[in-house]
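Read through the structure below, which is laid out as structure tokens, and then see the notes.
Fair warning: this is a prediction, and the values are worked out from it, not measured in the lab. Note on naming: letters A, B, ... go to the chains in the order of the sequence lines (proteins, then strands), and numbering restarts at 1 for each one.
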Amino acid sequence: MSANQLALWYLVAAVSFILALKGLSSPPTARRGNLYGMVGMAIALLVTLALVYSHTKQVLPILGGMAVGAVIGAIVARRVQMTQMPELVAAMHSLVGLAAVLIAIAAIHNPEAMGLHVPITGLHKAEIFIGTFIGAITFSGSVIAFGKLSGKIRSAPVVFPGQHWLNLAIGIAMLGFGIAFFVAPETEWVAFIVMTALAFVLGFLLIIPIGGADMPVVISMLNSYSGWAAAGIGFSLDNPMLIVAGSLVGSSGAILSYIMCRAMNRSFISVILGGFGGETAAVEGAEKKTVKSGSPDDAAFLLSNADNVIIVPGYGLAVARAQHAVKELATKLAAKGVTVRYAIHPVAGRMPGHMNVLLAEAEVPYDQVFEMEDINSEFPQCDVALILGANDVVNPLAEQKGSPIYGMPIIEAYKARSVLVNKRSMASGYAGLDNPLFYMEKTMMVFGDAKKVVEELVKAVD
Amino acid sequence: MTAMTPEASVFYLTVFVLAVFVGYHVIWNVTPALHTPLMSLTNAISSIILVGAMLAAGSESLDWGGWLGVVAVALVSINTFGGFLVTQRMLEMFRKKEPRSGEKK
């Protein structure tokens, strides 16, 4: 195969990837989009396989490795629970990062096989350096993110004095060894290895201070890094296919990070510096305010007499696996002529769009599910806002100057004519803040596990 | 005057900048409801790094460098296959249900 043919096939694959992402602009076109993605990937892999075959005939090890990965990937894709998606995505980012490092090592070891000039030129060394350190940071950072998301390690931020200075020092040292690798006339293994090791450590240190509440940002950020790592390797190997696909992924992750930051009204820098959402500060309990609490029967009465109900699901709902019960409740209410809609805050789950997937899994039709900006204006006409396992995202303090979450966009459930809140206890949310919504005259609290409460609601609505 | 062909590195930089630009515009069009599938799809797409791993694994003499490539191929194939399949699984959930009477309003 000529270099031109190869490049043209890669172009077809790159266009397919763009069409794949474009398909996700709406649910009906999304499946076709995914199909484009698969086709693009198949083309890219087949022509590469053909290339390798025409050069060295060494395709068996590749096929063997792919078969192993394919089996594991297929099993994981089938078995994973939708609540575990964030962990899965984090784990997958780590694989891309690790692969980038492995490829870089292989390229330095045997540049010829990768189509590189021997000895490697300065420019390529610099590109390998960039691809490697981004890959290494992606790997160790994602491993920590995976641990925190899956609960294998504590999700509370780990902070210690001088942390940022230490990170800075490591970053500078990493850069120093990178430059040593770059200027050395021959391949400087020691500098490269030390640089890579430092990058691994840095990835680890960057993620440990970030708390559970900020995980949607972290996971988007690592998504972005994994793309840049692929693009970096693309530059190293003079491969435009990797550059295009990597850049698409990199910009996607960057945009998602930005959207998540905006939804929490936090600057990207403050998320990176970490330490947020650690101490579950006791609710400033000097003045005992009273809440009105009611039974599921009371709540069911309120719901069945409403015309217009908006359900605000939070992550607590997903943890309790109550989505199916909620869907059942909504169906029953709809049968009684009640209009039921769902309001989703961008950070309602553990990753961007997580809550939408959890509701879709419970077969909630997506046209009943609304994004925050689209439904906020509807709350004044809403009879009952039913808040299930959400706290900070409906906290009216966000509209009060001087409060720690001031400026964070919220779901304006407090504007509804009456508000039902299901929570396990009065404990504060991630932000460690009290929520005035719970003490409002029109608010009724229904305490208990989300699933049990909703199931009782379903029974009581009859 | 020689032909106006830029050096390869400049060409790749051009490709990179344009790709970031395209990515930026395409991603803003993705509906927020599909952000999780977007992530798993981009995950699958980033497994394009498999191309590099294949070149490493396909080296003439399968020495330790080649074996690193094989390991990388196996690891990233998990993303390739797992990523697209799990995206497919999620998107199936967003399939429009046949409207059953009484279900909606």
What part of A/Leu359 gets within 4.5 angstrom of chain B, counting heavy atoms only: side chain, backbone, both, or neither? neither

Residue A/Arg79 versus chain B: region with a heavy atom under 4.5 Å: backbone

Highest number of heavy-atom pairs under 4.5 Å with chain B: which of A/Leu333, A/Ile259, A/Val101, A/Val47? A/Ile259

I need the residue from B/Gly23, B/Ser9, B/Ser46, B/Gly65 with the largest number of non-hydrogen atom pairs under 4.5 Å to chain A. B/Ser46

Kindly give the heavy-atom pair with the smallest separation between A/Met66 and B/Phe81, and that separation in Å. O-CE1, 4.4 Å

Between A/Leu248 and B/Ala19, the two heavy atoms sitting closest are CD2-O, 3.9 Å

Can you measure from CE (A/Met38) to CG (B/Leu85) and round to the nearest 0.5 angstrom? 6.0 Å

Just so I know, are the side chains of A/His109 and B/Leu68 near enough to count as touching, which here means a heavy-atom distance under 4.5 Å? no

For B/Met54, is it the side chain, the backbone, both, or neither that has a heavy atom closer than 4.5 Å to a heavy atom of chain A? both

Please give me the minimum heavy-atom distance between B/Ile27 and A/Ser252, naming the atom from each residue. CD1-CB, 3.5 Å

By a 4.5 Å heavy-atom criterion (distance strictly below it), what part of A/Leu45 contacts chain B: side chain, backbone, both, or neither? both

Do B/Arg89 side-chain atoms and A/Arg78 backbone N/O form a donor-acceptor pair below 3.5 Å? yes

For A/Leu51, is it the side chain, the backbone, both or neither that has a heavy atom under 4.5 Å from a heavy atom of chain B? side chain

According to the interplanar angle, ranging from 0 to 90°, do the rings of A/Tyr258 and B/Trp28 count as parallel (below 30°), tilted (30 to 60°) or perpendicular (above 60°)? perpendicular

In short, A/Met92 meets B/Ile78 closest at the heavy-atom pair CE-O, 3.8 Å

Quick check: do B/Ser77 and A/Val68 have side-chain heavy atoms less than 4.5 Å from each other? no

In terms of ring plane angle, is the pair B/Tyr12 and A/Phe235 parallel, tilted or perpendicular, where the classes change at 30° and 60°? perpendicular

Relative to chain B, which segment of A/Leu98 carries a heavy atom at a distance below 4.5 Å: side chain, backbone, both, or neither? side chain

Chain A contact via B/Val30 - which portion, at a heavy-atom distance below 4.5 Å: both

Taking all non-hydrogen atoms of both residues, which atom of A/Ile103 and which atom of B/Ala72 are closest, and how far apart? CG1-CB, 4.3 Å

Just give me the residue among A/Ile72, A/Val357, A/Val369, A/Ile105 that pairs up with chain B most often, heavy atom to heavy atom, under 4.5 Å. A/Val357

Which atoms of B/Ala44 come close to chain A, meaning under 4.5 Å heavy atom to heavy atom: side chain ones, backbone ones, both, or neither? backbone

Value rounded to 0.5 Å, distance of CE in B/Met93 from CE in A/Met82: 4.0 Å

Flag the pair A/Arg31 / B/Arg95 as yes when at least one side-chain heavy-atom distance between them is below 4.5 Å, and no otherwise. yes

Is it true that atom OH of B/Tyr24 has more than 12 heavy atoms of other residues, nucleotides or ligands lying nearer than 6.0 Å? no

Contact list for residues 227-250 of chain A, test side-chain hydrogen bond (donor to acceptor under 3.5 Å, both in side chains), sequence neighbours left out: A/His124-A/Asp238, A/Ser224-A/Trp228

Top residue by heavy-atom pair count (under 4.5 Å) with chain A, among B/Asn43, B/Val15, B/Val70, B/Thr31? B/Asn43

Heavy-atom distance under 4.5 Å to chain B: side chain of A/Ile233, backbone, both or neither? side chain

Heavy-atom proximity to chain B below 4.5 Å, by part of A/Leu256: side chain

Using non-hydrogen atoms only, which part of A/Glu361 is less than 4.5 Å away from chain B: side chain, backbone, both, or neither? both

One option among B/Ile45, B/Thr87, B/Thr80, B/Leu75 has the most heavy-atom pairs under 4.5 Å with chain A, and it is B/Ile45

Under 4.5 Å from any heavy atom of chain B - which part of A/Leu49: both

Please tell me if the side chains of A/Val52 and B/Leu55 come closer than 4.5 Å, counting only heavy atoms from C-beta onward. yes

Return the minimal non-hydrogen interatomic distance between A/Ala44 and B/Val51, and the atom names on each side. O-CG2, 4.3 Å

Below 4.5 Å from any heavy atom of chain B, which atoms of A/Ala107 appear? Answer side chain, backbone, both or neither. neither

Identify which of B/Val73, B/Asn79, B/Leu34 forms the greatest number of heavy-atom pairs closer than 4.5 Å to chain A. B/Asn79

Please classify the contact between B/Ser47 and chain A as side chain, backbone, both or neither, with a heavy-atom cut-off of under 4.5 Å. both

Heavy-atom distances under 4.5 Å only: say whether A/Val96 touches chain B with side chain, backbone, both or neither. both

Go through the atoms of A/Leu24 and report whether side chain, backbone, both or neither lie under 4.5 Å from a heavy atom of chain B. both

Between A/Asn34 and chain B, with a heavy-atom cut-off of 4.5 Å, which part of the residue counts as in contact: side chain, backbone, both or neither? both

So which pairs with a foot in residues 53-74 of chain A pass side-chain hydrogen bond (donor to acceptor under 3.5 Å, both in side chains), sequence neighbours left out? none

Quick one, B/Thr36 and A/Asn356 - any side-chain contact, counting heavy atoms below 4.5 Å? no

Engaged part of A/Phe17 at the chain B interface, taking heavy atoms whose separation is under 4.5 Å: both

